[in-house]
2 protein chains.
Amino acid sequence: MTLTLEDIADMCGVSRSTVSRVINGDLNVSERTRQVVLDVIQKYNFQPNMAARGLAKGHTRILGLVIPKGVQAIFEEPFFAMLIKGVSTRCNALDYSVMLWLAEPDYERRMITKILYNGLVDGVIVASMLMDDTIIDSLQQSKLPFMLIGRHPAHSELSYLDVDNRGGAFQAVTHLLRSGRRRVATITGLQNMIAGIHRYQGYLDALHERDLPVIPELVAEGDFTDTSGYISMQRLLPHKPDAVFAASDTMAMAAMQVIQKYGLRVPDDIAVVGFDDIPEASRITPTLTTVRQPITRIGAVAAETLIDIIETGSTLPRQMVFPAELVVRNSCGAVNL
Amino acid sequence: MTLTLEDIADMCGVSRSTVSRVINGDLNVSERTRQVVLDVIQKYNFQPNMAARGLAKGHTRILGLVIPKGVQAIFEEPFFAMLIKGVSTRCNALDYSVMLWLAEPDYERRMITKILYNGLVDGVIVASMLMDDTIIDSLQQSKLPFMLIGRHPAHSELSYLDVDNRGGAFQAVTHLLRSGRRRVATITGLQNMIAGIHRYQGYLDALHERDLPVIPELVAEGDFTDTSGYISMQRLLPHKPDAVFAASDTMAMAAMQVIQKYGLRVPDDIAVVGFDDIPEASRITPTLTTVRQPITRIGAVAAETLIDIIETGSTLPRQMVFPAELVVRNSCGAVNL
DNA sequence: CTTCTCCGTGGGAGCGCTCCCAAACATATA
DNA sequence: TATATGTTTGGGAGCGCTCCCACGGAGAAG
């Protein structure tokens, strides 16, 4: 049987209230008593029961992290691992625990309800980038504090953290343009994900800034995956691009394969730039120029901001956009610019 | 304010006991009453408070998943993402939730104590492959049910799930040998991780089976990472291997880079085989022959077995070893064998 | 018509904690 | 000495649920 507060109290010859006080750092305890209690707690490795505490206090110091499974494709990439790492590390540092839910699309609605109303978590971080996500609605109805990773297009009044996908793409394409490329193609990401949309807009921005026309044949719609990178690049090739900006490294790498298969060289014939900076980007030949996002940091800030919202009870939305950084390597053919 | 059992009871004109009964599927409720209660629950989206239930029942239907941060290097690889996915999916299907802890090395001890004694979780899955892990000891002292991913060398009486690393490595090296390679080198993994040790033993097994000598110059100790793959391969090259078995795909890919940098060809001059089957293994050129482990499945089985242990209260250890599968691609130069 | 079951239901007790009020004691002030 | 003030401590109530015992009524058996 595991010990209770009362057991410890008996051993110390004090009341459970006093033990509770020393555990919770209440100042109104004499130094002598505190020491006695602390020793016994130490000795028996006592930990107060979380369920009981949660019930009595009305909060649990647990954060929910919800990752929609719909975005399965991304699961192979380090995105979620890094996000989880960021959230978890910061939570632990602030003495919170994290509850993880990979929301299955079909059960999603039922599951979300369960999460939101059973009082298990004090707040939720939702890593959803889908446009049509119903989670948001449920979230708003419940009064649980929550934080979105990736802004939601229709709800600018919510708290979110996001990467400047548009700015990152803009930088990438601008870099290509400044190094003299004139027929810059793009392989876009899914256009029902904010990230996909924004990266495409960054591409457009860069062209517009230099008054260059958007050539429809040089735009191929992908979905972030390997396969779509292959197909898109094959579709692009006949239109003689001299550079390609892909909305994910995975697609960029697939594109490079296609280019090389057709006897062309990267970057000499066609420059390639990706997005994400996955680990292999720096390992392949030629190394891939890409746009890096501070995902772990975003996870950490999400956790810390949500905890602040919970503890201060503040209701005004927190919004932050993190800069994306262009990492210039060899695949763009313009290291020093 | 969120609703309580009693509120629902009032609305239905019954007692809280009756509401509790219908929620918990007790048979002793008349069909009429059940319907009334069910309707009200539905209407208000009522969910019983988990903390209260946990306190009253003595268990929480929450599983802990502990991943030591010490094995940071692996975090870039899909291993943990897939493990998490497997665990999470199966847990959710069985109506359990999962609590995730990335155990920081320094706080590890304190944190583990907290997890084990605060009654938050009904059991723990520990993804630890380190030899000298103190977690195991703490785990045994507490009486919490737990499950290890990766067997522990010193504690064969515990419950664990593991991949047949040794057999997988054996298959890989044997394949190389059967295709006529005679100077098969290896880049090992960390020798304080079970997986690293077993994969190296598999290499030795394959040589022994054919009465081939172990040539010390053809064995380089790596640590699973990119960098160590580079260094090791450079060290190996002067000793003229005609094949390399690397204990991770990441190292295998680094080795291929080195080989190519020195003007040699894969697989013609040197065949390469990796371990893990990370996504990029099938994307690089030449595609990488490697050993695949069913990680997601292992996560799922771990969850389901642990839940069974919890619910049956059974105390005898459950142990399972999953086969690793050789995936033959181009880097070994022997697709059809 | 009475007695015995059995089914459906209500309510008390208790899970282990926190919070609050009051008691007990010590110290300072009139 | 009497009163006010402050510090330390104890114990009751309550968080929202489950579990168990007991009670009333319907039907079966005597």
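Within every chain, numbering begins at 1; the chains are lettered A, B, ... in the order of the sequence lines, protein sequences first and strands thereafter.
Look at T4(B) and you won't find any side-chain N or O under 4.0 angstrom from OP1 or OP2 of dC15(D).
Taking atom CG on N118(B) and atom C1' on dC17(C), their separation rounds to 13 Å, with Å as the unit. Atom CG in L55(B) sits roughly 4 Å away from atom C1' in dC15(C) (whole-Å rounding). The separation between E6(B) atom CD and dG14(D) atom P is 12 Å, rounded to whole Å. The interatomic distance linking E31(B) (CD) with dT9(C) (P) rounds to 11 Å, in whole Å. Rounded to an integer number of Å, the gap from N49(A) CG to dG16(D) P is 17 Å. Atom CZ in R32(A) sits about 18 Å away from atom P in dT7(D), given to the nearest Å. For the pair Y117(B) OH and dC17(C) P, the computed distance is 15 Å after rounding to whole Å. Between the CG atom of D10(A) and the P atom of dC17(C) there is a distance of 12 Å, rounded to whole Å.
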- Message: Between S30(B) and T33(B), does the side-chain hydrogen bond (donor to acceptor under 3.5 Å, both in side chains) criterion hold? Intermediate values first, please.
- Response: CA-CA 5 Å; S30(B) 73; T33(B) 318; 2.6 Å; yes
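Using a distance-only test at 3.5 Å, with no hydrogens or angles considered, a donor-acceptor pair links the side chain of N24(B) to the main chain of S20(B). Distance alone, capped at 3.5 Å, is enough to place a donor-acceptor pair between the D122(A) side chain and the T60(A) backbone. Proximity of a side-chain donor or acceptor of D308(A) to a complementary backbone N or O of T312(A) within less than 3.5 Å is not detected.
Between L83(A) and T296(A), the closest side-chain pair of non-hydrogen atoms is not below 4.5 Å. Under the 4.5 Å side-chain criterion, counting only non-hydrogen atoms from C-beta, S159(B) is not in contact with F146(B).
One finds a salt bridge joining D95(A) and K114(B) here, because a Lys/Arg side-chain nitrogen approaches an Asp/Glu carboxylate oxygen to under 4.0 Å. Taking a cutoff of 4.0 Å between a charged side-chain nitrogen and a carboxylate oxygen, R16(B) and D10(B) do not qualify as a salt bridge. Between R318(B) and E304(B) there is no salt bridge, since none of the side-chain N atoms of the basic residue sits less than 4.0 Å from a carboxylate O of the acidic one.
Between A56(B) and T33(B), the residue anchored closer to the 5' end of DNA chain C is T33(B), taking for each the nucleotide with the nearest heavy atom. Where A52(B) and R34(B) meet DNA chain C, the nucleotide closest to each residue was compared, and R34(B) sits on the side nearer the 5' end.
Axis angle, first five pairs versus last five pairs of the helix from dC1(C)-dG30(D) to dA30(C)-dT1(D): 60°, rounded to 10°.
Listed here is the closest heavy atom pair of Q47(B) and T113(A): CG-O, 4.0 Å. Scanning both residues, S97(B) and W101(A), for their nearest heavy atoms gives OG-NE1, 3.6 Å.
Of the candidate nucleotides dC17(D), dC19(C), dC15(C), dC19(C) has the atom lying nearest to any side-chain atom of K57(A). Between dC17(D), dT18(C), dC17(C), one nucleotide has an atom nearer to the side chain of L5(B) than all others, and that is dC17(D).
Considering OH of Y160(A) and CD1 of I298(A), their distance stands at 12.0 Å, rounded to 0.5 Å.
Within the 4.0 angstrom heavy-atom criterion, only backbone atoms of the sugar-phosphate kind lie near F46(B); the bases stay farther away.
Proximity of residues 23-30 of chain A to DNA chain D (heavy atom under 4.0 angstrom from any strand atom) is restricted to N28(A), V29(A), S30(A).
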For nucleotides 10-13 of chain D, give me every protein contact, N/O to N/O, under 3.5 Å, one pair per line with atom names.
residue, atom, partner, partner atom, Å
dG10(D), OP2, S15(A), N, 2.8
dG10(D), OP2, S15(A), OG, 3.1
dG10(D), OP2, T18(A), OG1, 2.9
dG10(D), O6, R21(A), NH2, 2.7
dG11(D), N7, S17(A), OG, 2.7
dG11(D), O6, S17(A), OG, 2.5
dG12(D), N7, R16(A), NH2, 3.0
dG12(D), O6, R16(A), NH1, 2.6

